[in-house]
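A short write-up of the structure that comes next.
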Amino acid sequence: MSAKRKEQEQVRREATEDLAEDLSEAADTLGELVPVETAKKKFQRNFSDLTVWSDDNKEKKLYIVLVSVHGLVRGENMELGRDSDTGGQVKYVVELARALSMMPGVYRVDLFTRQVSSPDVDWSYGEPTEMLTTSCIDGEGMGESGGAYIVRIPCGPRDKYLKKEALWPYLQEFVDGALGHILNMSKALGEQVGNGRPVLPYVIHGHYADAGDVAALLSGALNVPMVLTGHSLGRNKLEQLLKQGRMSKEEIDSTYKIMRRIEGEELALDASELVITSTRQEIDEQWGLYDGFDVKLEKVLRARARRGVSCHGRFMPRMVVIPPGMDFSNVIPEDIDGDGDGKDDIISLEGASPKSMPPIWAEVMRFLTNPHKPMILALSRPDPKKNITTLVKAFGECRPLRELANLTLIMGNRDDIDEMSAGNASVLTTVLKLIDKYDLYGSVAFPKHHNQADVPEIYRLAAKMKGVFINPALVEPFGLTLIEAAAHGLPIVATKNGGPVDITTALNNGLLVDPHDQNAIADALLKLVADKNLWQECRRNGLRNIHLYSWPEHCRTYLTRIAGCRLRNPRWLKDTPADAGADEEELLEDSMDAQDLSLRLSIDGEKNSLCINEPLSSDPQDQVQKIMNKIKQSSALPPSMSSVSEGGKNATEAAGSVVNKNPLLRRRRRLFVIAVDCYQDDGRASKKMLQVIQEVFRAVRSDSQMSKISGFALSTAMPLSETLQLLQLGKIQATDFDALICGSGSEVYYPGTSHCIDAEGKLRPDQDYLLHISHRWSHDGARQTIAKLMVAQDGSGDVVEQDVASSNEHCVSFLIKDTKKVKTIDEMRERLRMRGLRCHIMYCRNSTRLQVVPLLASRSQALRYLFVRWGLSVGNMYLITGEHGDTDQEEMLSGLHKTVILRGVAEKGSEELLRSSGSYHRTDVVPSESPLVSYTAGDLKADEIMRALKQVSKTSSGM
């Protein structure tokens with residue numbers, strides 16, 4: 001970890017130097033920029049003081065999508081603590097969905113999670129949708145589809161409840177299912193409140209690494225902003241586990257799939273406009289461990305954008321602290337100035353009927369010899385990282401504390417410890433042994449069961465007993481239980497690692513401790529229990545300041561930040577209210593930042609790109625209007641923009657006769673996508689690729705049912721010119737294909753469509769697609785950076801040279817001179833991210849080429865673009881590919897499309913250059929078995945291909 005940090009520092013220094021060197025701006029070093037940032041602070045107002053999102057927005061009809069994939073999610077009777085995946089995050093996202101739906105201007109909120117139809121869990125988790133609220137504003141109903149809903153998306157085995165570590169290979173299925181729901185819902189909302197125009201999500205918000213991965217792909221497919229909340233972070237967990245020394249890195253990865261989780265977080269950072277954290281510590285000490293974020297470089301890039309200086313495609317997401325909200329509806333208001341004494345209530349209930357006492361009180365008190373003592377309360381699942389065992393040791397070894405107080409441990413729900421997961425069972429077993437070791441019988445309560453409705457009563461009981469709440473976790477990202485405890489009048493003792501730092505600062509109601517120091521834990525608890533004046537002061541402070549964590553406060557800040565994200569980027573300005581409410585200072589900064597996030601930022605002066613390099617007006621609205629004008633001007637790019645060469649032939653000759661004005665994709669029932677990577681040693685397409693195309697055509701056309709209203713697409717790393725030459729060699733008309741996906745997904749063509757032919761008779765790529773993928777793309781930035789990175793360490797010179805013929809406006813292609821000296825894709829991605837460059841990189845064409853395309857471009861994402869653009873569902877696509885291929889082939893193998901893998905066709909590919917040792921594995925990306933995948937027996941014959949097509953079609957239809 002230390003070596004990695006040193007490397008990050010070195011790379012980021014180089015990145016800062018590169019920025020200065022590129023534009024001869026030596027003064028733009030980090031040291032020169034710091035005083036500018038400092039001087040600017042005096043003009044900035046506290047953002048939390050701005051009531052930006054208000055009732056003025058109530059006429060808007062926004063659609064918001066939240067994603068939280070793992071765990072058991074439902075609106076009522078949450079089974080919090082049932083397992084390690086069903087904890088505070090589940091409660092948080094459900095309450096966030098409800099709270100957002102109540103905000104002015106928000107029409108519908110969808111919370112996406114995985115559908116689980118397993119006999120091991122309640123039937124409710126298999127319901128496709130669950131209504132959380134049909135909120136109304138000013139007495140007016142929200143309409144047919146308004147309110148907040150849980151939407152459950154099937155992925156992976158339908159009849160199994162999977163732990164989050166096992167879900168990674170199935171996330172692409174989740175993406176495709178969620179994309180279909182969003183498109184259908186957008187259309188329905190358009191009919192209800194959008195005047196007939198689809199209402200796309202205002203934002204897509206991913207929670208945790210898996211949902212961040214999902215949200216990144218959804219936001220890229222739909223062209224909407226993405227927001228990320230990490231909740232807990234993989235790199236931080238890896239570091240903590242390595243420090244403990246109980247497991248090797250390999251064992252950690254095998255247990256927690258930690259490397260795939262970290263890559264999911266890095267991918268989410270690539271796509272996020274905004275990252276929401278609960279504390280400043282999370283930004284500095286946790287996100288700072290990632291390749292894709294650096295506080296110092298983010299400040300450099302933001303300062304350059306404000307000054308109107310290009311960042312050459314470099315980008316860092318903004319990190320903001322928004323304290324988590326809480327639903328106080330179940331909290332009985334406490335008298336702030338009262339002493340909280342409720343012991344008389346307990347005494348009076350001792351001889352009363354059990355019905356007059358909350359059942360959970362009786363369940364707790366039955367463990368205790370003297371239930372009138374102050375109660376030390378801990379509430380968490382029995383996860384090793386929650387550090388419950390250290391708490392029990394601290395209590396057991398401190399005699400004064402044992403004499404003054406009882407300890408109550410609410411450790412989830414259990415029937416039989418032997419049936420629990422190994423980690424949870426180990427913690428519970430250790431707790432029981434410690435209770436026996438220190439003879440804590442009668443002093444420690446550890447009930448087996450409780451439900452969500454019992455939790456407020458547990459807090460009330462502890463508060464009436466003048467107790468203390470403790471969260472001793474090794475690291476606590478949020479600390480929602482601390483806020484709940486404070487709302488019930490409980491002082492707190494909490495870990496100094498993570499969210500509790502900010503919470504205790506804001507509430508001023510407790511003490512922080514080192515979770516590894518059991519003496520410090522015991523001393524802090526004893527101090528609060530023994531000093532009644534201190535206890536009373538902490539209680540009052542918590543109750544007085546708890547309003548800071550209300551959901552309305554959280555949601556106002558949340559929506560304000562989202563509006564700021566949209567304002568900073570002209571691709572979303574059309575859906576952003578001009579009267580968002582920020583002051584001129586904030587609007588000015590946001591508009592300036594848009595220069596580097598615009599759709600087609602010019603770095604070399606080409607007149608046809610969207611270039612925002614003219615002096616900025618002092619009026620923010622003038623700036624916004626200029627940006628909008630640029631977008632409108634770029635919507636119809638002239639024929640001269642075409643970078644395609646057909647070797648002297650016009651497109652009509654190369655492609656065959658043009659028969660349609662618009663692509664036929666909208667009318668297709670099925671699409672057969674041929675993506676076989678068969679190349680010779682020099683990277684040219686082999687004859688076997690032609691043979692595959694011809695045999696697939698024969699197979700599909702031989703079956704009247706299969707070929708009915710079906711089309712074909714070809715997906716390849718080759719440029720259009722070589723693709724057309726290959727087809728011409730095999731006497732195949734390009735018009736036999738509805739779409740050609742060329743340059744590793746950097747261009748999409750429709751050969752049989754008249755409007756895709758320019759004035760010179762050449763095929764013209766889909767201009768909407770080019771505009772779509774231009775986000776955060778700099779051709780020159782990628783070209784220059786790759787050239788610097790690909791220098792041989794032995795001093796023998798460049799390892800690559802640019803392949804101009806295979807490059808285009810959105811693809812930089814390099815010829816590889818020596819494959820033994822190149823870095824893996826993992827290593828290249830790491831270095832590009834450290835420099836703030838967000839793009840897709842792959843080795844292709846039998847490892848003879850290295851190609852870099854925009855972040856939103858890829859062969860797999862191009863298929864989703866066809867779904868969104870032309871309405872052809874991904875589930876109706878059939879991918880025909882080989883056993884091996886380019887390094888981006890792996891991304892295409894999972895999802896809701898059907899896949900046929902041709903054995904013996906692509907005998908070798910570029911996979912050995914994909915990952916370095918210690919990285920995640922192929923099985924973390926592609927399911928080892930899937931009903932959506934079939935294989936041929938080995939013969940490249942039409943009848944064998946048809947057999948495989950029918951097999952996957954029949955198997956998948958029974959899912």
Tell me, with the steps shown, if R98 and E76 meet salt bridge (charged side-chain N to carboxylate O under 4.0 Å, His left out).
CA-CA 12 Å; R98 281 197 179 108; E76 303 296 335; 3.1 Å; yes
Is there a side-chain contact (heavy atoms from CB on, under 4.5 Å) between E239 and K243? Walk through the geometry before answering.
CA-CA 6 Å; E239 190 173 36; K243 281 181 179 179; 4.2 Å; yes
Is the backbone of V475 close enough, under 3.5 Å, to the side chain of T495 for a donor and an acceptor to pair up by distance?
no
With sequence neighbours excluded, give me every side chain to side chain donor-acceptor pair (under 3.5 Å) pair touching residues 506-531.
E397-Q518
If I take atom CD from residue Q286 and atom CE from residue M319, how far apart are they, to the nearest 0.5 angstrom?
10.5 Å
If you round to the nearest 0.5 Å, how far is OG1 of T408 from CG of L461?
7.0 Å
If you look at every heavy atom in P515 and T390, which pair is closest and at what distance?
O-CG2, 3.6 Å
Between M465 and N406, does the side-chain contact (heavy atoms from CB on, under 4.5 Å) criterion hold? Intermediate values first, please.
CA-CA 10 Å; M465 301 310 301; N406 292 318; over 6 Å; no
Has the side chain of T560 got a donor or acceptor atom that lies under 3.5 Å from a matching backbone atom of R556?
yes
With rounding to the nearest 0.5 angstrom, report the CD to CZ distance, E484 to F469.
8.0 Å
Report the distance from atom CG of L379 to atom OH of Y459, rounding to the nearest 0.5 Å.
5.0 Å
Flag the pair I360 / V455 as yes when at least one side-chain heavy-atom distance between them is below 4.5 Å, and no otherwise.
no
Evaluate the side-chain proximity of Q452 to K91: yes if any heavy-atom separation is below 4.5 Å, no if none is.
yes
Side chain to side chain donor-acceptor pair (under 3.5 Å), that's the test. Do Q281 and E285 meet it? Break it down for me.
CA-CA 6 Å; Q281 183 262 2; E285 299 181 22; 3.3 Å; yes
Pick one: which of Q89, E265, R261, H231 meets side chain to side chain donor-acceptor pair (under 3.5 Å) with Y208?
R261
For the residue pair G499 and T279, what are the closest heavy atoms and their distance?
CA-CG2, 2.9 Å
Any side-chain to backbone donor/acceptor pair from T255 onto I252? Under 3.5 Å, distance only.
no
Taking E553 for the side chain and S550 for the main chain, is one N or O donor matched with an acceptor at less than 3.5 Å?
no
Which heavy atom of K386 sits nearest to which heavy atom of E476, and what is that distance?
NZ-OE1, 3.3 Å
Are L407 and L440 close enough that some pair of their side-chain heavy atoms sits under 4.5 Å apart?
no
Going through the checks in order, is the side-chain contact (heavy atoms from CB on, under 4.5 Å) test met by I503 and Y549?
CA-CA 9 Å; I503 291 173; Y549 293 95; 3.7 Å; yes
Using every non-hydrogen atom in the two residues, find where Y125 and E79 come nearest and quote the distance to one decimal.
OH-OE2, 2.7 Å
Are the side chains of I388 and P472 in touch, meaning some heavy atoms are under 4.5 Å apart?
no
Using modelled atom types only, decide if a donor and an acceptor are shared between the side chain of R114 and the backbone of H70 within a distance under 3.5 Å.
no
Would you check if there is a donor-acceptor pair between the side chains of Y558 and H205 at a distance under 3.5 Å?
yes
Salt bridge flag under 4.0 Å for residues K164 and D83:
no
Mind checking whether Y438 and S443 have side chains closer than 4.5 Å, heavy atoms only?
no
Closest non-hydrogen atom pair, I546 against I483:
CD1-O, 3.5 Å
Hey, what do you get for CG (L482) to CG (L490), rounding to the nearest 0.5 Å?
10.5 Å
On the 0 to 90° scale, with breaks at 30° and 60°, tag the H554-Y92 ring pair as parallel, tilted or perpendicular.
perpendicular
Is the backbone N or O of H207 less than 3.5 Å from a side-chain atom of S68, with the two atoms forming a donor-acceptor pair by type?
no
To the nearest 0.5 Å, what is the distance between CG (L525) and CG (L391)?
7.0 Å
Is any side-chain heavy atom of K532 closer than 4.5 Å to a side-chain heavy atom of P374?
yes
Can you find a heavy atom in the side chain of E363 that is under 4.5 Å from one in the side chain of D454?
no
Do D253 side-chain atoms and M259 backbone N/O form a donor-acceptor pair below 3.5 Å?
yes
Side chain to side chain contact (heavy atoms under 4.5 Å, CB included), paired with V364, selected from M375, H450, E457:
M375
Heavy-atom closest contact (G489 atom, W535 atom, distance):
O-CZ2, 4.3 Å
Are any non-hydrogen side-chain atoms of R235 and E266 less than 4.5 angstrom apart?
yes
Does N413 reach the main-chain N or O of G81 with its side chain, forming a donor-acceptor pair under 3.5 Å?
no
Set out, in order, the CA-CA distance, both residues' side-chain angles and the distance that settles side-chain contact (heavy atoms from CB on, under 4.5 Å) for L132 and S101, then state yes or no.
CA-CA 9 Å; L132 293 175; S101 71; over 6 Å; no
Check ion pair E537-R540 (N to O, under 4.0 angstrom):
no
Table please: side-chain donor-acceptor pairs of residues 420-436 below 3.5 Å, with sequence neighbours left out.
from : atom 1 : to   : atom 2 : distance (Å)
T429 : OG1    : A425 : O      : 2.8
T430 : OG1    : S426 : O      : 2.8
D436 : OD1    : Y441 : OH     : 2.7

Short side-chain to backbone donor-acceptor contact, N541 and L507, under 3.5 Å
no
Checking N471 side chain against A494 main chain: does a donor-acceptor pair fall under 3.5 Å?
no
